Amino acid sequence: MSFYDSSKIEKKWQKYWLENKTFKTPENTDKPKYYILDMFPYPSGSGLHVGHPEGYTATDILARYKRMKGFNVLHPIGWDAFGLPAEQYAVKTGTHPRITTERNIIRFREQLQMLGFSYDWDREVDTTDPNYYKWTQWIFLRLFERGLAYEDEQPVNWCPELGTVLANEEVIDGKSEVGGYPVIRKPMRQWVLKITAYADRLLEDLDGLDWPESTKEMQRNWIGKSIGAEVDFNVPDLNEKIRVFTTRPDTLFGATYMVLAPEHNLVDVLTTEEHKTSVEKYKEAAGQKSDLERQELSKEKTGVFTGAFAINPVNNKEIPIWIADYVLAHYGTGAIMAVPGEDERDWEFAEKYDLPIIRTVQPPDNFDGKAYTGDGPSINSDFLDGLHITDAKTKIINWLEENGVGNKSVNYKLRDWLFSRQRYWGEPFPVIHVDGKPKAVPDKDLPVTLPDIKNFQPTKSGEPPLAQAVYWVETTDPETGKKAFRETNTMPQWAGSCWYYLRYISPDYEGGPVDQEKEKYWMPVDLYVGGSEHSVLHLLYARFWHKVLYDCGVVSTKEPFQRLVHQGMILGEMEYSAYELDGKIISADEAAQIEGVTRIPLSETDVEKKGERFFMKGTEINVDAKAYKMSKSRGNVINPDDVVKNYGADSLRLYEMFMGPLEQVKPWSTKGVEGVNRFLNRSWRLFFGDGETVKFNISDSEPDKNQLKILHETIKKVTEDIENMRFNTAISALMIFVNEANSWESVPKSVAETFVLLLSPFAPHMAEELWNRLGNYNTLAYEEWPAYKEEYLISDSIEMAVQVNGKVRANISVPSDKVTDKDFVIGLAKQQKNIIRYLEDTTIIKEIYIPGRILNLVVKQ
RNA sequence: GCCCGGGUGGCGGAAUUGGUAGACGCGCCGGACUCAAAAUCCGGUGGCAGCGAUGUCGUAAGGGUUCGAGUCCCUUCCCGGGUACCA
């Protein structure tokens with residue numbers, strides 16, 4: 001039996017591709033270009049997991065396909081190598097993060113090469129390389145020059161366990177996204193990037209992008225633009241004004257009280273003597289709460305009265321001023337007018353503290369809720385009465401502006417981006433402090449490199465590890481010669497990944513982050529593939545930097561990533577579980593209610609499905625059937641190295657694409673890998689026969705009509721499916737071809753060659769080997785992609801269904817040249833035994849014929 | 001709660017976008033080869049009834065539009081992801 005030795009053949013071609021630089025990006029620009037990018041991997045110590053090759057195989061297939069289609073393809077890879085794990089490892093072991101990082105990169109590179117990806121290995125970039133972060137710093141200086149990077153003392157998310165501050169986005173439910181440690185609020189001096197200045201452009205330019213709608217929607221929500229008005233409320237006793245932001249100025253007549261955030265700077269001024277104690281107490285309690293506590297305790301609204309009153313400008317009514325932590329200091333003006341009639345939160349608060357509620361929008365008759373937030377005619381609103389929301393808003397805004405008590409206003413949820421971290425393993429800021437003021441390091445002195453230090457531990461007070469490198473921190477201002485101190489914070493990991501896609505274009509260019517001539521040719525990225533976990537942060541930050549670079553004239557496109565696709569997560573194998581309590585097997589439903597149960601793994605053959613649920617075979621005990629996220633603790637992690645060892649890289653690639661649509665979440669199945677592995681072996685045997693001896697099964701004969709038909713059907717299907725990234729059905733088409741061809745006496749060489757080319761993007765190692773053994777001595781990577789000919793697809797006859805009253809009653813075979821002949825088809829149909837039976841004693845009232853598809857005879861008794 | 005996805009055989013998934021539901025793969029059943037097993041090959045495989053022809057039910061549930069609905073519309077349920085007092 002001939003057999004395919006995957007490990008030997010795969011290594012052979014990997015070596016060939018590297019040595020011949022087969023996938024070196026062309027330098028000429030005479031052909032159309034295709035820039036296909038994988039999301040920047042972090043080279044972690046645990047190596048590649050099976051999730052990585054999913055997206056990478058998809059892009060690799062496209063890259064290989066586009067090369068064969070005559071495109072110049074840019075398909076690079078590199079390392080987002082700054083980051084916390086290497087630093088934490090350094091704290092623990094004293095190993096410099098550089099050592100760890102280099103080791104991990106080598107491992108990752110080997111693993112990627114083992115999978116046969118067609119990257120241009122001469123374009124690797126590494127964010128920790130001073131030649132790279134020189135330009136990260138350079139871009140930061142452009143931000144600084146433009147006033148888009150500033151220092152600010154502000155309450156930040158301080159994580160004592162990690163010894164660093166975190167961006168708002170890195171805090172999930174009051175805990176750090178990395179590690180899940182508690183996070184507290186602490187005022188500190190920080191670098192902040194003014195992403196809010198680009199909010200509108202980041203929002204508007206989403207419209208032109210070919211991205212998943214859900215991702216665009218998430219970005220829109222994150223930016224959170226809302227249009228409304230600002231209104232001033234006078235506090236006559238104190239001669240003060242309180243400004244509020246509202247999206248519903250039309251409900252102004254229903255504003256029956258005001259609420260300030262506890263941190264609002266007028267709170268102390270407003271509070272009357274008799275309320276001082278309770279207000280102080282409330283403020284203190286709110287200030288001490290961590291974000292987590294604030295969220296947990298916020299189920300029930302709390303607040304206290306300040307004793308002060310403001311005047312509602314539309315009706316001059318006196319309304320009380322409260323403070324409550326359901327009003328956020330950092331959104332809008334940190335103060336609201338409360339309109340309980342049309343706002344659920346205000347209603348809840350008003351109910352609790354017995355504050356007046358006035359409806360100003362007429363709810364529908366059947367409305368039985370509390371606050372009514374829908375549309376309707378205004379009531380109790382003087383000159384707005386009868387107007388619906390939109391018109392009422394316009395009118396009241398005009399009124400506010402005429403009377404000088406307010407104006408139209410826009411607000412964003414998006415906040416400026418907290419950009420500094422108290423870490424060692426990150427890009428140093430190219431900034432020195434002279435006389436207490438930040439000053440840019442001149443471009444010519446870049447990069448500001450990381451000093452070597454021994455102790456990577458941050459200080460308890462929050463001083464970054466770099467502060468220990470006194471010789472590095474203390475420097476002189478090159479301009480004035482004055483004593484200066486280097487910035488000891490470093491940049492967050494996002495920095496390096498904000499612009500890496502540009503560096504790939506000209507990785508060795510010394511005149512700037514990117515060679516502008518080449519940038520014009522290669523940008524934008526035509527296809528960007530990566531996980532949906534980056535839907536907001538990385539993609540928003542990168543878009544922001546790109547727009548700044550656009551404004552600086554460095555790049556020529558407004559957006560970096562034209563088309564974006566997220567690959568779905570790969571889960572562990574499906575698990576069937578029964579549960580045991582005190583030696584007794586109990587049902588999964590029961591187990592979910594009780595603690596202290598033991599999970600008993602079952603095999604697929606132990607269970608059966610009844611209705612919607614799975615049960616232990618022959619019992620009424622229902623069991624769980626679920627695939628879980630891969631995790632070390634669950635022990636369901638699949639290691640790609642093992643898969644490659646057992647089945648080969650081509651099998652892994654093929655399986656990951658065959659599992660289902662790329663974007664979908666799907667469970668792993670080792671049996672499924674065996675399935676595609678069998679397919680590859682069958683493909684191999686197509687060429688080398690099935691006997692004891694290896695015999696070449698290829699003939700020089702001309703392909704017959706039938707062979708050409710199936711071949712060209714396969715070409716058509718595979719081509720269309722690759723174009724649409726439907727790799728699972730493309731592979732299915734290849735399988736159908738092989739199943740068919742296996743029944744042939746021999747395979748005509750021309751057919752065999754075409755098949756090998758079709759297979760090559762998916763299983764490049766086997767394809768190269770077959771191509772070579774067919775007598776071609778060059779790589780097939782730049783062979784022309786096969787084109788199908790319509791003439792071969794036409795068959796002599798077409799199978800069609802005949803329906804009577806919408807139900808299929810017979811199948812007929814119609815000669816191709818008669819397909820458009822309705823009368824002929826109906827005549828043929830009426831000869832069918834089963835049709836005759838159904839037409840008996842009926843009258844045909846309608847004949848619906850869709851040529852080549854279906855004939856439906858509508859009859860009546 | 002709100003915003004996005006999505007529910008199709010025992011399992012992963014197909015279905016030319018309104019035209020024969022279940023392609024392809026896994027699993028399972030039967031057969032060939034083998035002393036035997038593995039591997040491989042051949043055949044079968046949605047449920048129910050029937051020897052069969054065939055009939056009938058069937059794409060989460062219910063209703064609607066249509067000659068015809070997995071696909072379009074309405075209602076409900078379930079699962080996954082995001083988000084959460086943003087005024």
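From a predicted model like this one, the values you see are computed outputs, not experimental measurements. Within every chain, numbering begins at 1; the chains are lettered A, B, ... in the order of the sequence lines, protein sequences first and strands thereafter.
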Does a side-chain N or O of [X] approach OP1 or OP2 of [N] to a distance below 4.0 Å, or not?
| X | N | answer |
| --- | --- | --- |
| A:Thr729 | B:rG13 | no |
| A:Asn739 | B:rG25 | yes |
| A:Lys807 | B:rC57 | yes |
| A:Asn728 | B:rA14 | yes |
| A:Arg682 | B:rC24 | no |
| A:Lys860 | B:rC67 | no |

Subject >> Nucleotide paired to B:rA21 in any strand shown, Watson-Crick or G-U, under 3.5 Å >> reply: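 Base partner found: none.
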
Original post:
Now, which nucleotide makes the Watson-Crick or G-U wobble pair with B:rG58, with each of the two distances under 3.5 Å?
Top reply: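 None - no nucleotide pairs with B:rG58, as no candidate has both distances under 3.5 Å.
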
Touch class at under 4.0 angstrom, heavy-atom based, for [X] against every strand present:
| X | value |
| --- | --- |
| A:Ile736 | sugar-phosphate |
| A:Ser226 | sugar-phosphate |
| A:Gln803 | base |
| A:Tyr838 | sugar-phosphate |
| A:Arg809 | sugar-phosphate |
| A:Glu213 | nothing |
| A:Ser732 | base |
| A:Asn411 | nothing |
| A:Pro212 | nothing |
| A:Arg726 | nothing |
| A:Lys413 | base |

Give the rounded distance in Å between these two atoms: [atom1] of [X] and [atom2] of [N].
| X | N | atom1 | atom2 | answer |
| --- | --- | --- | --- | --- |
| A:Tyr849 | B:rG68 | OH | C1' | 16 Å |
| A:Trp211 | B:rG82 | CH2 | C1' | 16 Å |
| A:Leu680 | B:rU40 | CG | P | 13 Å |

Closest listed nucleotide, where the reference is the side chain of [X] and the choices are [options]:
| X | options | result |
| --- | --- | --- |
| A:Ile850 | B:rG19, B:rA87, B:rC4 | B:rG19 |
| A:Glu799 | B:rU20, B:rC85, B:rU40 | B:rU20 |
| A:Ile854 | B:rC67, B:rG19, B:rU56 | B:rG19 |
| A:Met735 | B:rG19, B:rU83, B:rG25 | B:rG25 |
| A:Val327 | B:rC24, B:rA87, B:rU40 | B:rA87 |
| A:Asn856 | B:rU83, B:rC11, B:rG19 | B:rG19 |
| A:Tyr331 | B:rC11, B:rA87, B:rC67 | B:rA87 |
| A:Phe614 | B:rG10, B:rU20, B:rU83 | B:rG10 |
| A:Thr246 | B:rA87, B:rC67, B:rG27 | B:rA87 |
| A:Arg678 | B:rG27, B:rG10, B:rU20 | B:rG27 |

Check the surroundings of atom [atom1] in [X]: do more than 12 heavy atoms from other residues, nucleotides or ligands lie under 6.0 Å from it?
| X | atom1 | result |
| --- | --- | --- |
| A:Lys617 | NZ | yes |
| A:Lys352 | NZ | yes |
| A:Lys822 | NZ | yes |

Original post:
With nearest nucleotides of RNA chain B determined for A:Asn811 and A:Tyr412 from heavy-atom distances, which residue corresponds to the more 5′ nucleotide?
Top reply: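 It is A:Asn811, whose closest nucleotide lies nearer the 5' terminus.
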
**OP:** Could you pick out which residue, A:Asp343 or A:Phe679, lies toward the 5' side of RNA chain B when each is mapped onto its nearest nucleotide?
**Re:**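 Result: A:Phe679.
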
**OP:** Would you verify whether the NZ or CZ of A:Lys301 falls within 45 degrees of the ring axis of A:Phe349 while also being under 6.0 Å from that six-membered ring's centre?
**Re:**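 So A:Lys301 doesn't make the cation-pi contact.
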
**OP:** Assess whether one donor atom and one acceptor atom, taken from the side chain of A:Lys671 and the base of B:rC11, lie less than 3.5 Å apart.
**Re:**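 Check fails, no donor-acceptor contact within cut-off.
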
Subject >> A:Thr215: which of A:His534, A:His566, A:Arg220 passes side chain to side chain donor-acceptor pair (under 3.5 Å) >> reply: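 When side chain to side chain donor-acceptor pair (under 3.5 Å) is applied between A:Thr215 and each of A:His534, A:His566, A:Arg220, only A:His566 qualifies.
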
**OP:** Scan side-chain atoms only and decide if A:Tyr331 and A:Ser226 contain a donor-acceptor pair under the 3.5 Å cut-off.
**Re:**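 Indeed, the side chains of A:Tyr331 and A:Ser226 share at least one donor-acceptor pair under 3.5 Å.
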
Original post:
So, A:Glu342 versus A:Tyr372: side-chain donor-acceptor pair below 3.5 Å or not?
Top reply: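 No.
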
